[in-house]
Amino acid sequence: MAPPLSASQAVQHYREREEAYFNALTPDAQTFLAHHGLTAADSFLFGEFAFVLLGLKPCLLVDLPGFVAEQYYDRVLDPLQPMLAALDLCLRRIDHPLMSPEMPTLEGMLLIYQNHQHNRVATAALRDSASITEETLRRLLDYPGTLPADESQLETMVEVIYYIHMRDSSAENQSLALTTYAAQESELGQVREHFKRYQEACRLKLGMELLLLVRRPVLS
């Protein structure tokens with residue numbers, strides 16, 4: 001019987017599946033992502049997977065558009081199902097209309113969450129309800145910031161990014177975002193506390209050095 005995977009090995013397996021998929025995206029898929037304001041580099045979720053595996057956040061929400069989401073399931077998630085089960089992680093599809101203030105619908109999206117923690121937040125999202133509050137969604141994804149409540153708060157909104165440096169074939173550092181969320185300037189204290197907790201866990205358990213960027217978003 002093979003020994004259980006360490007957290008770093010599991011994250012590496014997830015990352016390798018993602019790289020194999022996103023590095024071989026067809027031109028049609030790249031164009032489709034671009035139409036939705038995304039690139040392949042924006043779409044990696046191995047960092048979010050790591051945060052769930054380490055018990056830092058309750059859930060990973062797979063929010064990719066259209067046929068890319070189906071391909072992602074077929075080529076990344078489905079082959080990893082035995083590993084997810086061995087790690088006591090659940091993979092579920094939201095199979096009913098579910099609205100949030102931020103997203104018109106979460107129907108069809110996938111959730112990965114820890115089963116052994118009796119994850120009430122994840123279970124609530126899978127119930128047959130029509131809507132989910134911003135507060136529940138924040139707890140579901142463990143985001144310490146809030147979205148603007150009105151136009152005046154657009155002026156005080158910041159974009160928060162947790163990222164890592166990667167070396168490419170030319171040995172130059174490339175930045176890769178692992179998670180992004182919105183916050184208000186008044187919430188930056190709790191944002192930094194949140195980041196420090198994530199940074200320490202990733203450093204100790206994964207040997208991954210997480211970095212923080214806070215910036216003003218470009219609003220169209």
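Note that the numbering runs from 1 along the sequence shown for the chain.
If you take CZ on Phe44 and OH on Tyr21, they are separated by 11.0 Å, rounding to the nearest 0.5 Å. Taking CG of Leu54 as the reference point, atom CE of Met208 lies at 8.5 Å (rounded to 0.5 Å). With rounding to the nearest 0.5 Å, the separation of CG in Leu60 from CG in Leu53 is 11.0 Å. We find the CE-CD distance between Met83 and Gln9 to be 10.5 Å, quoted to the nearest 0.5 Å.
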Show your reasoning for whether side-chain contact (heavy atoms from CB on, under 4.5 Å) applies to Phe46 and Leu178.
-> CA-CA 7 Å; Phe46 71 87; Leu178 300 190; 3.8 Å; yes
When you look at Arg192 and Leu188, which way does the side-chain contact (heavy atoms from CB on, under 4.5 Å) test go after all the steps?
-> CA-CA 6 Å; Arg192 292 189 178 96; Leu188 287 178; 3.6 Å; yes
What do the steps show when you test Lys205 against Ser8 for side-chain contact (heavy atoms from CB on, under 4.5 Å), and what is the final call?
-> CA-CA 7 Å; Lys205 298 179 181 179; Ser8 60; over 6 Å; no
Passes side-chain hydrogen bond (donor to acceptor under 3.5 Å, both in side chains), Asp150 versus Ser152? Steps please.
-> CA-CA 6 Å; Asp150 52 47; Ser152 68; 2.4 Å; yes
Can you check side-chain hydrogen bond (donor to acceptor under 3.5 Å, both in side chains) on Tyr198 and Asp142, steps first, answer last?
-> CA-CA 11 Å; Tyr198 274 53; Asp142 191 42; 2.5 Å; yes
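A pairwise comparison of heavy atoms in Ala182 and Met157 identifies CB-SD, 4.1 Å as the closest pair. Nearest heavy-atom pair, Leu176 versus Ala41, reported as atom, atom and distance to 0.1 Å: CD1-O, 3.6 Å. Minimum interatomic distance between Cys202 and Leu210 (heavy atoms only, all atoms of both residues): SG-CD2, 4.3 Å. Shown here for Leu147 and Glu134, the closest heavy-atom pair between the two residues is N-OE2, 3.0 Å. Residues Pro65 and Phe32 approach most closely at O-CE2, 3.4 Å, considering heavy atoms. When all heavy atoms are compared, the tightest approach of Ala183 to Val191 is CB-CG2, 3.9 Å.
A salt bridge links Arg15 to Glu19: at least one charged side-chain nitrogen sits closer than 4.0 Å to a carboxylate oxygen. Between Glu16 and Arg75 there is no salt bridge, since no side-chain nitrogen of the basic residue lies less than 4.0 Å from a carboxylate oxygen of the acidic one. The residues Glu209 and Arg203 are annotated as salt-bridged, a charged nitrogen and a carboxylate oxygen being separated by less than 4.0 angstrom. In summary, Arg216 and Glu185 engage in a salt bridge, as defined by a charged side-chain N under 4.0 Å from a carboxylate O.
The closest side-chain heavy-atom distance from Ile164 to Leu211 is not below 4.5 Å. Between Ile161 and Leu212, the closest side-chain pair of non-hydrogen atoms is not below 4.5 Å.
The salt bridge (Lys or Arg N to Asp or Glu O under 4.0 Å) check on Glu187 picks up nothing, with sequence neighbours excluded. By the salt bridge (Lys or Arg N to Asp or Glu O under 4.0 Å) test, Arg17 pairs with no residue at all, sequence neighbours left out. Among residues two or more places apart in sequence or in another chain, the side-chain hydrogen bond (donor to acceptor under 3.5 Å, both in side chains) test is passed with Gln153 by none.
Not a single donor-acceptor pair under 3.5 Å links the side chain of Glu18 to the backbone N or O of Val76. Remark: the backbone N or O of Thr39 is paired with a side-chain donor or acceptor of Asp42 at under 3.5 angstrom. Formation of a donor-acceptor pair under 3.5 Å by the Gln190 side chain with backbone atoms of Pro144 is found in this model. Judged by distance alone, the side chain of Glu200 and the main-chain N or O of Arg197 form no donor-acceptor pair under 3.5 Å. Judged purely by atom type and a 3.5 angstrom limit, Arg92 has no side-chain atom pairing as donor or acceptor with the backbone of Leu110.
For the side-chain contact (heavy atoms from CB on, under 4.5 Å) with Leu45, the qualifying choice from Val62, Val52, Leu61, Ile112 is Val62, the only one to do so.
In this model, no donor atom of one side chain and acceptor atom of the other lie less than 3.5 Å apart for Asp74 and Gln71.
Tyr163 and Tyr181 end up in different hydrophobic clusters when Ile, Leu, Val, Met, Phe, Trp and Tyr side chains are linked at under 4.5 Å. The hydrophobic cluster containing Phe67 also contains Leu33, counting ILVMFWY residues as joined when their side-chain heavy atoms lie under 4.5 angstrom apart, directly or transitively. A chain of hydrophobic side-chain contacts below 4.5 Å, direct or via other Ile, Leu, Val, Met, Phe, Trp or Tyr residues, connects Tyr72 to Leu141.
The aromatic rings of His194 and Tyr162 are tilted relative to each other, their planes meeting at an angle between 30° and 60°.
If you look at Phe49 and Tyr14, their ring centroids are closer than 6.0 Å.
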